[in-house]
Amino acid sequence: MRSSKDEPIRIHSEPIANPFRHEGFPMSDNQNFDHSVDLLIVGSGAGAMSAAIRAKDLGADVLLLEKTELYGGSSAMSGGSLWIPCNHLMAQDGIVDDTPEEAMEYLVNITEGLVPKNKLEVYVKNAKVMLEYLHDKARLNMFSMPGYVDYYPEVPGGKPGARACEPHRFDARLLGDDFGKLRGLALQELIVGRISMTATEAHDLLTGAPGYILLALKVGIRYFLDIVGRFKSKRDRSLTLGNALVGQLRLSLLDRNVPIWLECPFEEFILEDGKVVGAIANKQGKRIRIEGKKGVLLAAGGFESNDEMRKKYLPSPTQADWTCANPGNTGEVIEKGQALGAATGFMDGAWWGPVTVVPGEARARMLVVEKGLPGSMMVNSKGERFLNESAPYDDICKDSYNRNSDDAVTVPCWFVFHDPFRKKYPVGPFYPGMPISKALKQSGYIHESDTIEGLAEQIGVDPANLAKSVEKMNGYAKSGKDTEFARGDSAYDRYYGDSTVEPNPCIGPIDTAPYYAIEIYPGDLGTRGGLEVDADARVLKESGEVIEGLFAIGNCSAAVMGPTYPGAGGTIGPAMTFGFVVAEYLFKE
Ligand SMILES: Cc1cc2nc3c(=O)[nH]c(=O)nc-3n(C[C@H](O)[C@H](O)[C@H](O)COP(=O)(O)OP(=O)(O)OC[C@H]3O[C@@H](n4cnc5c(N)ncnc54)[C@H](O)[C@@H]3O)c2cc1C
C-alpha cells in the first residue's frame, strides 16, 4: 500500500501550476464564453473532487468553482469516513464477509421503499469500484474499520463492521501552499482545538477505552514533535479525518493540474435550447461565462447554513446555528435548479444529530459519542426520558421532533450527567476533569447543582420527575436492562459505550454530585434534500424528464440514502460514488 509519505506522483510531466494564481480567462472557440471546459463542477467537497479526478483521467478538461476562500466544504470538516459495502480493504484485512446481495438487502430495508432500487444498485456496484480506483490511481489512502458497526446492524444485511472506511493520516506538507487553503476540521474533532486524531483513536479516547491515557499522550507527543510545524502555526500538519480525505484528493488533483477557483461562486445557469451548457460565476467581482461542454455538475452542498430555507423546509423549530457544517452551504444552487424546473426530494430531512451550541464558537458541536456513555441521560421539559440516548445520532433528532409537544418539549431537551461522567469523558467543549471556565458558567451554558432537585429547578423541569428518571436509570445500571428505551441493546449502541462498564456499557448510575445539565438541539451535519436525480445523477424535472447537461451529487441532490443513515460515511460515500459515476457516464467510451 502506498503511504502518504511517498513522493508525489506526477501524472503530467510539466510542473504543477498554482490553481489559485489564475491569470485571465482563456477564450474558447465560442466567443460567448470567457472560459471553456469539458466538465464544470460547482463545489469543492469530496464528491466534486472524486468526479474531477475520474473525469480528468478519462481525458476531460475540468474546473471546480468554490464560493468560499477555502476548498473542501463540509467534507473537509468531517470525520472523513466513507460507507462502502464490499470494499476491497476488508479483503486486505482478512474480513471478506460481505456481498452485494447483503448490502442491497440492508439498503432496501432501511430506505423504506423511498429510494428507487436502481439507484441503490448503482451505489452498491460502484462505491467499491470508486474506492479501489482512487486508491490505485490517485492518492486516496484509507483503511476499513473492522469494529465500526453499521448503524442498524440487526437489520437483515447489516454488518458488525468494516463497511466504514477512514483515511490514513496524511502529511499536509505534500500539499505545499495549498494546505493553507484547505478548510479546517470541525472544532469538536480536534483535541484542545488543534491536535488531530483518527476516528479509531477518537473512539478509544472518547469512550475511555483501556489504554486511552497512553493514547492521549502518544497523540499529544506526536503533535509537539513536529517542531518546525509548531514554529509555523498551531495547525496540526498530520492530517486526519475529513482533512486527510480532502487533502489526499486535493493532491490527486494537483498531480493532474486540475484547478479549483476559490472565491468564485456559481450564480446562474447558461442554457441553450433548454440544455445546460455552462454557468455564470463571479470571479473577483466580475461576472464570467464558463462553458461546460459536456455538462455542469452541482456538488455545492445543502442548505444547512441558510436560516430561511431551513424554516421553509425542515421541521420546526430549527435554526442555522444548530448546524455543524460548512458556512458556505446556503442552498442557492438548489434554488437555481428549482427555478429551471428541477424536482426536489427529501427537503424536510438532514443528516441529523443532537448538538450543543457553545457561546462564542462558530459552529455547533454534535454529541456523537458522549450522548450514549454511562452516567448520563436526556430528558424533556417534564424531566422525563423520551428516547434511547445511545441510538444513532440521526434517530435522536427524528425522535426529538416526533415527540415534541407543548406538554413535553423535546426541542430543545436536556443532557443530564453527574460528576464521574465529567471526570472521565469529554462533553461538548469540556475535556475530562478540566475545570469549567467562569465565562461559560456565567453565560448560563451549563447548569450545576449538588442535588438533582436543585438541578431540576435551575433548568425548569419538574424536580420529582427528574428524580424519578434518575432513580429508574440507576436501577437499569444495576440490571443492565433499560426496559423503557432499550439503551445498549443494539451493537451500534455498544460501539460507543464504555467497554469497562458492566453489565451494560451504555448505562451507569447518576448518583454523585455535582450534577450537570446542558441544553441540546436537533442539529445536523448537513441537509439531505436537494435536486431529484436519476441513477446517473442527471437532474430530473417533476415529469421525470432529464434536464440535459445538468448533474447533481452530494447534499445538493436528493439523498441516495433517502431518509436514513446506513453507517459512518453514509453521506460522503454516495457523494464520491456518484461523482465518479457522472464522470464515467460522460467520458467513458
Ligand atoms: C463535523 C462533521 C462530521 C462529519 N462526518 C462525516 C463522516 O465521517 N462521513 C460522512 O459521510 N459524512 C460526514 N459528515 C457529513 C458530510 O461532511 C457532508 O454530508 C458532505 O461532506 C457533503 O458533501 P457535499 O459535497 O455535498 O458538500 P461539501 O463538502 O460541503 O462541499 C460543497 C462546497 O460547495 C461550496 N459552494 C456552496 N455554494 C456554492 C456556490 N454557489 N458556488 C460555488 N461553490 C459553492 C461550499 O462552500 C462547499 O465548499 C460530517 C459533517 C460534519 C460537519
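Every number for a ligand or one of its atoms is a count from 1 in the order of the listing. Position 1 is the first residue of the sequence; numbering continues from there. Not measured: the values here are computed from a predicted model.
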Trainee: Can you classify the ring geometry of Y496 versus H203 as parallel (below 30°), tilted (30 to 60°) or perpendicular (above 60°)?
Mentor: tilted
Trainee: Decide whether the shortest distance between a heavy atom of G526 and an atom of ligand 1 is less than 4.0 Å.
Mentor: no
Trainee: Heavy-atom contacts with A186 under 4.0 Å: which atoms of ligand 1 show up? List them by number with element.
Mentor: 1 (C)
Trainee: Only heavy atoms of M77, strictly under 4.0 Å: list the atoms of ligand 1 that pass.
Mentor: 1 (C)
Trainee: Taking side-chain hydrogen bond (donor to acceptor under 3.5 Å, both in side chains) as the definition, give me every residue that meets it alongside D61, ordered by chain and number, with sequence neighbours left out.
Mentor: none
Trainee: Measure V333 to ligand 1 on non-hydrogen atoms and call it side chain, backbone, both or neither using the 4.0 Å cut-off.
Mentor: side chain
Trainee: Could you check if a side-chain atom of H168 sits within less than 4.5 angstrom of a side-chain atom of F143, using non-hydrogen atoms only?
Mentor: yes
Trainee: Nearest heavy atom to atom 23 (O) of ligand 1: which of G523, P265, S75 does it belong to?
Mentor: S75
Trainee: Is there at least one pair of N or O atoms, one from G79 and one from ligand 1, spaced under 3.5 Å apart?
Mentor: yes
Trainee: Is the shortest distance from a heavy atom of P327 to ligand 1 less than 4.0 Å?
Mentor: no
Trainee: Looking only at N/O atoms, are C556 and ligand 1 under 3.5 Å apart anywhere?
Mentor: no
Trainee: For atom 45 (C) of ligand 1, what's the nearest protein heavy atom and its distance?
Mentor: K67 CB, 3.5 Å
Trainee: Determine, using heavy atoms of E189 and all atoms of ligand 1, whether some pair is separated by less than 4.0 Å.
Mentor: yes
Trainee: Under the side-chain hydrogen bond (donor to acceptor under 3.5 Å, both in side chains) test, which residues partner S557, sequence neighbours left out?
Mentor: none
Trainee: Before accepting this row, confirm whether a basic side-chain N of the pair K128/D98 lies closer than 4.0 Å to the acidic partner's carboxylate O.
Mentor: no
Trainee: Looking only at non-hydrogen atoms, which of A552, G47, S81 approaches atom 7 (C) of ligand 1 most closely?
Mentor: S81
Trainee: What protein heavy atom lies closest to atom 27 (O) of ligand 1? Include the residue and the distance to one decimal.
Mentor: G301 CA, 3.4 Å
Trainee: What do we get for E332 next to ligand 1 when only non-hydrogen atoms under 4.0 Å count, side chain, backbone, both or neither?
Mentor: side chain
Trainee: What part of N329, side chain from CB on, backbone N/CA/C/O, both or neither, has a heavy atom under 4.0 Å from ligand 1?
Mentor: side chain
Trainee: Any side-chain to backbone donor/acceptor pair from R139 onto Q248? Under 3.5 Å, distance only.
Mentor: no
Trainee: Please verify whether a non-hydrogen atom of C324 lies at under 4.0 Å from ligand 1.
Mentor: yes
Trainee: What residue and atom, counting heavy atoms only, is the protein's closest point to atom 37 (C) of ligand 1, and at what distance?
Mentor: A300 O, 3.2 Å
Trainee: Just how far is it from atom CH2 of W351 to atom CZ of R528, taken to the nearest 0.5 Å?
Mentor: 4.5 Å
Trainee: Tell me, which protein residue and heavy-atom name are nearest atom 16 (C) of ligand 1, and how many Å apart are they?
Mentor: T571 OG1, 3.3 Å
Trainee: Could you say whether the N/O atoms of T68 and ligand 1 ever approach to under 3.5 Å?
Mentor: no
Trainee: If you measure from each non-hydrogen atom of L525 to ligand 1, which part falls under 4.0 Å: side chain, backbone, both or neither?
Mentor: both
Trainee: Looking only at protein heavy atoms, which one is nearest to atom 50 (C) of ligand 1, and how far off is it?
Mentor: S78 CB, 3.4 Å
Trainee: Among all the protein's non-hydrogen atoms, which is closest to atom 48 (C) of ligand 1, and how far away is it?
Mentor: N326 ND2, 3.2 Å
Trainee: Ignoring hydrogens and geometry, is there a side-chain-to-backbone donor-acceptor pair from D150 to Y152 under 3.5 Å?
Mentor: no
Trainee: A cation-pi test, strictly: NZ or CZ of R250 under 6.0 Å from the centre of the six-membered ring of Y71 and no more than 45 degrees from its axis. Yes or no?
Mentor: yes
Trainee: Quick check: does L70 get an N/O under 3.5 Å from an N/O on ligand 1?
Mentor: no
Trainee: Test side chain to side chain donor-acceptor pair (under 3.5 Å) on R183 and S44 and set out the steps.
Mentor: CA-CA 10 Å; R183 184 169 291 284; S44 66; over 6 Å; no
Trainee: Based purely on interatomic distance, does Q188 place a nitrogen or oxygen under 3.5 Å from a nitrogen or oxygen of ligand 1?
Mentor: no
Trainee: Tell me, please, whether Y106 has R163 positioned over its six-membered ring: NZ or CZ under 6.0 Å from the ring centre and within 45 degrees of its axis?
Mentor: yes
Trainee: Please verify whether a non-hydrogen atom of G570 lies at under 4.0 Å from ligand 1.
Mentor: yes
Trainee: Which of the numbered atoms in ligand 1 are under 4.0 angstrom from any heavy atom belonging to N555?
Mentor: 18 (C), 19 (O), 22 (C), 26 (O)
Trainee: Do T527 and R310 get their side chains close enough for a donor-acceptor pair, meaning under 3.5 Å?
Mentor: no
Trainee: Please report the shortest heavy-atom distance between M197 and E189, naming the atom on each side.
Mentor: CE-O, 3.6 Å
Trainee: Suppose I only count heavy atoms of V42 and a 4.0 Å limit; which atoms of ligand 1 are within that range?
Mentor: 42 (N), 43 (C)
Trainee: For G72, take its heavy atoms, then give the atoms of ligand 1 lying under 4.0 Å from any of them.
Mentor: 29 (O)
Trainee: Quick one: look up the protein heavy atom nearest atom 17 (O) of ligand 1 and list residue, atom name and how far away it is.
Mentor: S74 O, 3.2 Å
Trainee: Ligand 1 versus A299, non-hydrogen atoms closer than 4.0 Å: side chain, backbone, both, neither?
Mentor: backbone
Trainee: How close do I84 and G573 get, heavy atom to heavy atom, and via which atoms?
Mentor: CD1-CA, 4.3 Å
Trainee: Mark up the atoms of ligand 1 that fall under 4.0 Å of a heavy atom belonging to G80, in ascending order.
Mentor: 7 (C), 8 (O)
Trainee: Report yes or no: is the cationic atom of R237 (NZ for Lys, CZ for Arg) under 6.0 Å from the centre of the six-membered ring of F179, at an angle within 45° of the ring normal?
Mentor: no
Trainee: Considering both backbone and side-chain atoms of I572, is one of its nitrogen or oxygen atoms within less than 3.5 Å of a nitrogen or oxygen in ligand 1?
Mentor: yes
Trainee: If you count the atoms of ligand 1 from 1 in the order shown, which ones are under 4.0 Å from a heavy atom of S44?
Mentor: 33 (C), 49 (O)
Trainee: Tell me: protein heavy atom nearest atom 33 (C) of ligand 1, and distance?
Mentor: E66 OE1, 3.6 Å
Trainee: L540 versus V533: any side-chain heavy-atom pair under 4.5 Å?
Mentor: no
Trainee: CG/L239 to CZ/F170 distance, rounded to the nearest 0.5 angstrom?
Mentor: 7.0 Å
Trainee: Less than 6.0 angstrom separating the ring centers of Y565 and W83, yes or no?
Mentor: no
Trainee: Between R256 and D57, does any side-chain N to carboxylate O distance fall below 4.0 Å?
Mentor: yes
Trainee: With atoms numbered from 1 as shown, which atoms in ligand 1 lie under 4.0 angstrom from a non-hydrogen atom of G45?
Mentor: 29 (O), 31 (O)
